[in-house]
Amino acid sequence: MTRWLALHGLALTRSVQRLAHTPLGTVLSVLVVAIALVLPALGYVLADSVARLAQGLSGRPEISLFMAVGADKAQVAAVEKALRAEDAVAGLRFVAREDALKQLASGAGLGELAQTLGENPLPDAFIVTPRSDAPAEFERLSSAFRNLPGVAHVQLDTAWVQRLAAVVSLVHTAVGALAGLLGAALVIVTFNTIRLQILTQRHEIGVSLLLGATQQWVRRPFLWFGALQGALGGLTAWGLLLGILALMRGPATQLAESYGIPLELSGPDLLGVLALIGFAALLGWLGAALSVRRHLHAAGERGDG
Amino acid sequence: MIQFDKVSKRYPGGYEALVNVTLRIERGELVVLRGHSGAGKSTLLKLLPVLERPTSGRVLISDQDVSRLPQSAIPYLRRSLGLVTQDSRLLYDRNVYDNVILPLILADMPARDAKARVRAALERVGLAEHERSMPISLSGGEQQRVAIARAIVNRPSILIADEPTANLDAAYAQDIANLFRDYNEAGVTMIIATHDERLFADRAPRRIELSKGRLVTE
């Protein structure tokens, strides 16, 4: 175990030396990796913020049933009885037309408007909370409620939130696909970097193998190099992400506030940062492993390169 | 100790480098391999560290058939051999000390022991004062001596040299030949492919001649 750690320590040292040996090339490669990572990371953060916003706004989805303005108490009671008998209904709240008018009057700037009304134009209403959030179940219940006698209008109060959630889900999928593509790009970048390294170190590899280096001994520094380059790219991507979010925060908050929406843009938490760096390191290692596997033989795997 | 048993080697394309070579070399022998270019000398030497594998036949070192060694075992075999090639194959971005210590790092030798070994090897080839020099600052003969120090630092029992003096002038070549002679006198088995066997005339080495891949005289 100690020997294994010592060998990895030696390989890590050699990788750091290689990174430091070509600072410009290292910076450029790390930036390419960082840019490849920051796009999906930014997309994920934005989609996540909107998703949290949608969650906060929606609460439980509800259906509002508005009775006809002229509906009598018997009709209201019949509808209430029918709703309570429905197994799919988890909660039911009745809003009498008088209470609705009071609520309207207490609304900002609407008090005077309510006072000018000659008679209450608002209907009695039921707010129904279904047991299931499934859109199909919402549609079924809405259709059923529309046919109840005395019901004038049925409204899915959370339809727009559901649409927003669908959009967020779509964005998440798109971000996932983008992350996959750019992750592949990261693997390719590392693959090519390692290929060039193997070519430039062909003589050293050949001599080492001639003198009794194992294949693992030759491969190990390249694998560490790929992982280190990926990790540095991940770290840089995090920094870029924080910078971009700092630039976006002001205008985004302003835009959201103009719609009365409390939007908060925040970067990934510690676990997210570690996942970003770890994921980048893993992809770097993968690119290096594929490149070493492909090119080392040509560079003198037999020791005579 | 070393045995080539009906060894043939055919390269892709059909070129026959060795044809049915049978040969035995005893421990501590000094063997000079002769032959024109393309006679098969280099191929024969490459079979020992498994840089090539024979198409047929067996290559035995201490009764072990190295031609059938799995890939993973080859590095350990190579560490037990000393290899010197026509071009010194030094790492020119590392100094003399770092070049010579490389086989010991590969063999995972403790740093203190390795340091002592490197110093002893450099002392032996007369380059103790050049351990911090870069190879490019040394003459061709000195570079070849660094390569020899690197080959012997692991204290191999077999030293294989393929045209080690080909690129050197007469004085440097004799210097290298004298070094090989000294190692052989210390008990190291030596197999040297060379065009210039006069370099070893005073040691009366065993001479083996190859022609078109066949053993012709011994």
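Proteins come first, then strands; the chains are lettered A, B, ... in the order of their sequence lines, and each starts at number 1.
Counting heavy atoms of neighbouring residues, nucleotides and ligands inside a 6.0 Å radius, atom OH of A:Tyr44 does not exceed 12 of them. The local environment of CZ in B:Arg53 is crowded, with over 12 non-hydrogen atoms from other residues, nucleotides or ligands closer than 6.0 Å. Within 6.0 Å of the CZ atom in B:Arg112, the count of heavy atoms belonging to other residues, nucleotides or ligands does not exceed 12. Taking a 6.0 Å sphere around CZ of A:Arg14, one finds it holds more than 12 heavy atoms contributed by other residues, nucleotides or ligands. Few gaps surround CG on A:Asp269; more than 12 heavy atoms of other groups in view lie less than 6.0 Å from it. Within 6.0 Å of CZ on B:Arg119 lie more than 12 heavy atoms contributed by other residues, nucleotides or ligands.
In this structure, chain A has no heavy atom under 4.5 Å from any part of B:Leu81.
Of all heavy-atom pairs spanning B:Leu102 and A:Val207, the tightest one is CD2-CG1, 4.4 Å. Across all non-hydrogen atoms, the minimal contact from A:Leu210 to B:Arg89 is CD2-NH1, 4.0 Å.
In this structure, the side chain of B:Arg79 does not engage the main chain of A:Leu211 through any donor-acceptor pair within 3.5 Å. Judged purely by atom type and a 3.5 angstrom limit, A:His203 has no side-chain atom pairing as donor or acceptor with the backbone of B:Tyr92.
Taking CH2 from A:Trp217 and CG from B:Asp108, the interatomic distance works out to 10.5 Å, rounded to the nearest 0.5 Å. Taken from CG in B:Asp93 to CD in A:Gln201, the straight-line distance is 8.5 Å, to the nearest 0.5 Å.
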